[in-house]
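Here the structure is a predicted model, which means the values were calculated and not measured. Letters A, B, ... mirror the listed sequences (proteins, then strands); counts begin at 1.
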Amino acid sequence: MDILSGLNARQIEAVTLPHRSALILAGAGSGKTRVLTSRIAYLIQKEGISPHAILAVTFTNKAAREMNARISAMIPVNLRGMWIGTFHGLCNRLLRAHHRDASLPETFQIMDSADQLSMVKRVIKALNVNDEKYPPKQMQHFINAQKEEGIRPHEISVFDSVTRTQFEIYSAYEEQCNREGAVDFAELLLRAYELLSRNEILRRHYQGRFAHILIDEFQDTNRLQYKWIRMLAGEGTAVFAVGDDDQSIYAFRGADTGNMRSFERDFHVEEVIKLEQNYRSHGNILDAANALIRHNSGRLGKNLWTSDAGGEKLRYYQAPTDQLEADYIVEEIRALHAEGVELSGIALLYRSNAQSRVLEHALFSSSLPYRVYGGLRFFERLEVKHALAYLRLIHSPDDDGALLRIINFPARGIGARTVESIQFSAGDRSLWAAACDMKPSSKVGEFVRLIQSMREACSGASLAFMVETAIEMSGLKAHYRLEKDGEDRIENLEELVNAAAAFDQEENPLVEFLSHAALEAGERQSGEGSDAVQLMTVHSAKGLEFHTVFISGLEEGLFPHGNSMNEAKGLEEERRLMYVAITRARRKLYLTSAQSRMLHGQVNYNIPSRFLSEIPEELIQHVGAPLEAEQKPVHAERKTPWKIGANVFHAKFGEGVILACEGGETGQVQIRFRRAGVKWLALEYANLIAI
DNA sequence: TTTCGGCGACTTTTT
DNA sequence: GTCGCCGAAA
């Protein structure tokens, strides 16, 4: 099969570009992944580039696996020499290979966010800093932000007591990391970056090796990732960056679309290739998406089009309450299913996870199968983390985090008091060293002997056996057997043994396994059977597509989210989020909102999202509830001319929603206006118009 | 030491 | 409405 067959002219242009850096602006549904994989296949097969000279970076492990699989399906070439993976995965690989040059221990451990947070807490406590004034979560964020800017503690400018304390925390945190031989996610990137920037021989080696670097989802790169790419790319390296600034929805965690403009400049991109033909959605859906995103400023500029013009109009339903919104959605899903639409082709999207409850409830009571994305992942589960902590402590005694996690789990009578005394007596040494000094007859002494005997039992054994041993000897399994809802946890522990077995072929099974656990937390919980409605946040829907999409909760304050207004470019990111949501739909798109909604335990009245009015009216069909005539007013408390939650228009203040009423025809109403805020108005003079 | 109850928070999330 | 954390009682 020819690599280029079935591609359009622009796609072919991108795939067959000569050896120079290029920026591909790839719209939603424009065949982005296909172009990326075809490009790699093309380079190998037609240009005779060795897989050894190719590096491909993605953001998720899933994307990396998918890419690998698709290339393998395209060309019969062994891809083993190719570097393909996530930024973190590749940096890990680099640091493992050159740990000495990076001044890391050979078996350095990777901390996930939770591990990192607990270390920050420990450090703050040890420094005797007030954790109300310096919340651990914020300090964690601070540290990561510093690392992403490439700033080490000694480079922080201290000009007041706050920055001084932040500096001290960051400093102590870094020391603790070094003592334990642990690196966090940001550190993986920064270390790898520093390694290349300081070590000219290594830098030249890799720059010479990788003739081609390809980057997926380029709009999601942060500044450090961009700098890393720049460092890795040599004179002869062609960087192929694929992204879509309109789909940048992760600015809140450091993604910087500015990298796209920097890239054009720094890599001397002569011409940006735009992939604008969309193969996913019909015309009305695309027109809606285009019209919406035009409200954003500073875009690189791109307009999706399709040969599949027209199609059904978008449907908008405004429900009186969130529950009725959910009921409407369920009824529509039922009807669609009866028409033959597969449930798994239907997605129910929402802005925040809290919204899923009402929807789940409605689906559950109508016994429609559904699947919610967003639970805990396998390696994040408590029992799994505990089991891994035993392995970590067995393997590296200096791992204070691991020791603290398990010294009293399962409970063995070592309380906070005792732990504190260990921490006190440790000084500069590890907690394990301090624990070893405690009286052998004490509970701590027992614990030390337990770990030592586990260590002996494990020496020279296979990884699967080690995991098994850890679970059994530690008493974890016995503990969960006694717990009333422990079956699932035991199952997970057994699954952990299975997972470990896959690593026994590796050179250093335990280290690889632990890295894997940190770098790839595993799939989100899978939920119910195969043909099920898909429930997820708009964020997790990115990259997916569905026959039918429901976007629910389209209300001011919810979507766009109220908190987004405080941030500089907050509203624009919300709009991109809406853009992503719209472009997930292939054939049918439903938009819904509710006039009243239960949120945080109290009823809220919201006006419809501004995004609805940013979509041309002629693309939207307003639909009423099937049973609207019979509906009982749900939140009407008193007899007033205006129902609470009703949308109104005022000549001066514009659109608003009724919050409260007092008195009758001559009384007052409280209205929240979209622009003018909350006001009490006398009904006699207000001249409100229902909308 | 463990357990239970009260209190506050509460967008989005990968590695 | 629900989860997680902290402090007080068993």
Side-chain angles (χ1 to χ4, degrees), chain A residues 57-64 85-92 110-117 121 131-132 135-137 141 144 147-148 183-190 192 216-217 220-222 224-225 248-255 322-323 349-358 360-361 373-377 379-380 382 407-419 443 515-524 536-543 553 557-567 570 573-574 576-578 580-581 597-604:
Chain A
V57 209
T58 61
F59 272 85
T60 64
N61 294 294
K62 193 173 156 217
T86 63
F87 278 99
H88 296 85
L90 295 171
C91 288
N92 178 42
I110 301 167
M111 296 184 287
D112 66 15
S113 309
D115 298 333
Q116 184 188 32
L117 183 61
K121 281 184 186 161
D131 62 356
E132 304 217 322
K137 276 242 175 65
H141 186 82
N144 288 337
K147 291 191 181 189
E148 271 164 29
V183 300
D184 58 50
F185 288 135
E187 185 71 28
L188 278 174
L189 292 165
L190 184 52
D216 190 19
E217 306 278 18
D220 288 339
T221 49
N222 66 30
L224 184 51
Q225 286 161 338
S248 161
I249 56 174
Y250 288 112
F252 73 92
R253 63 174 200 218
D322 49 351
Q323 298 196 0
L349 308 184
Y350 35 81
R351 172 68 239 271
S352 60
N353 286 307
Q355 287 165 253
S356 76
R357 239 194 55 254
V358 192
E360 282 182 66
H361 181 79
Y373 285 75
L376 265 191
R377 289 132 96 227
F379 285 104
E380 288 169 356
L382 213 58
I407 190 162
N408 198 33
F409 194 94
R412 46 176 75 89
I414 304 175
R417 237 348 190 314
T418 318
V419 172
K443 299 259 173 68
S515 305
H516 171 84
L519 290 175
E520 187 165 359
E523 292 286 300
R524 295 263 180 201
M536 63 190 86
T537 63
V538 180
H539 280 94
S540 25
K542 189 175 162 214
L558 240 200
F559 196 5
H561 197 278
N563 292 5
S564 68
M565 306 302 173
N566 311 328
E567 293 148 42
E573 178 141 316
E574 294 290 306
R576 290 193 294 270
L577 203 48
M578 181 66 184
V580 167
R597 176 178 301 276
M598 189 72 144
L599 208 62
H600 308 319
Q602 58 175 357
V603 182
N604 280 256

Could you check B/dT12 for me: syn (within 90° of 0) or anti? anti
Within the 4.0 Å heavy-atom criterion, would you say A/Ile414 contacts the bases, only the backbone, or no part of the nucleic acid? sugar-phosphate
Could you tell me which non-hydrogen atom of A/Phe379 sits nearest to which non-hydrogen atom of A/Gly522, and how far apart they are? CD1-N, 4.4 Å
Residues two or more places apart in sequence or in another chain: which of them pass side chain to side chain donor-acceptor pair (under 3.5 Å) with A/Thr418? none
Contacts of type ring pair (Phe, Tyr, Trp, His ring centres under 6.0 Å), residue A/Phe409, not counting sequence neighbours: A/His386, A/His479
Contacts of A/Glu573 meeting salt bridge (charged side-chain N to carboxylate O under 4.0 Å, His left out) (sequence neighbours excluded), chain-then-number -> A/Arg576
Identify whether any heavy atom of A/Asn408 sits under 4.0 Å from a base atom; if not, whether one sits that close to sugar-phosphate; answer base, sugar-phosphate or nothing. sugar-phosphate
Identify, with sequence neighbours excluded, every residue that meets side chain to side chain donor-acceptor pair (under 3.5 Å) alongside A/Asp112. A/Lys385
Rounded to the nearest 0.5 Å, the NE2 atom of A/His88 sits from the CD1 atom of A/Ile110 at a distance of 9.5 Å
Begin from the C-alpha positions of A/Leu577 and A/Phe559 and carry the test side-chain contact (heavy atoms from CB on, under 4.5 Å) through to its verdict. CA-CA 9 Å; A/Leu577 203 48; A/Phe559 196 5; 4.1 Å; yes
Does A/Lys147 reach the side chain of A/Phe185, with side-chain heavy atoms less than 4.5 Å apart? no
Along DNA chain C, first and last positions that approach a heavy atom of chain A under 4.0 Å: C/dG1 to C/dT2
Heavy-atom contacts, protein to nucleotides 6-15 of chain B, under 4.0 Å, summarised as B (base), S (sugar-phosphate only) or - (none) per nt, yield ----BBBBBB
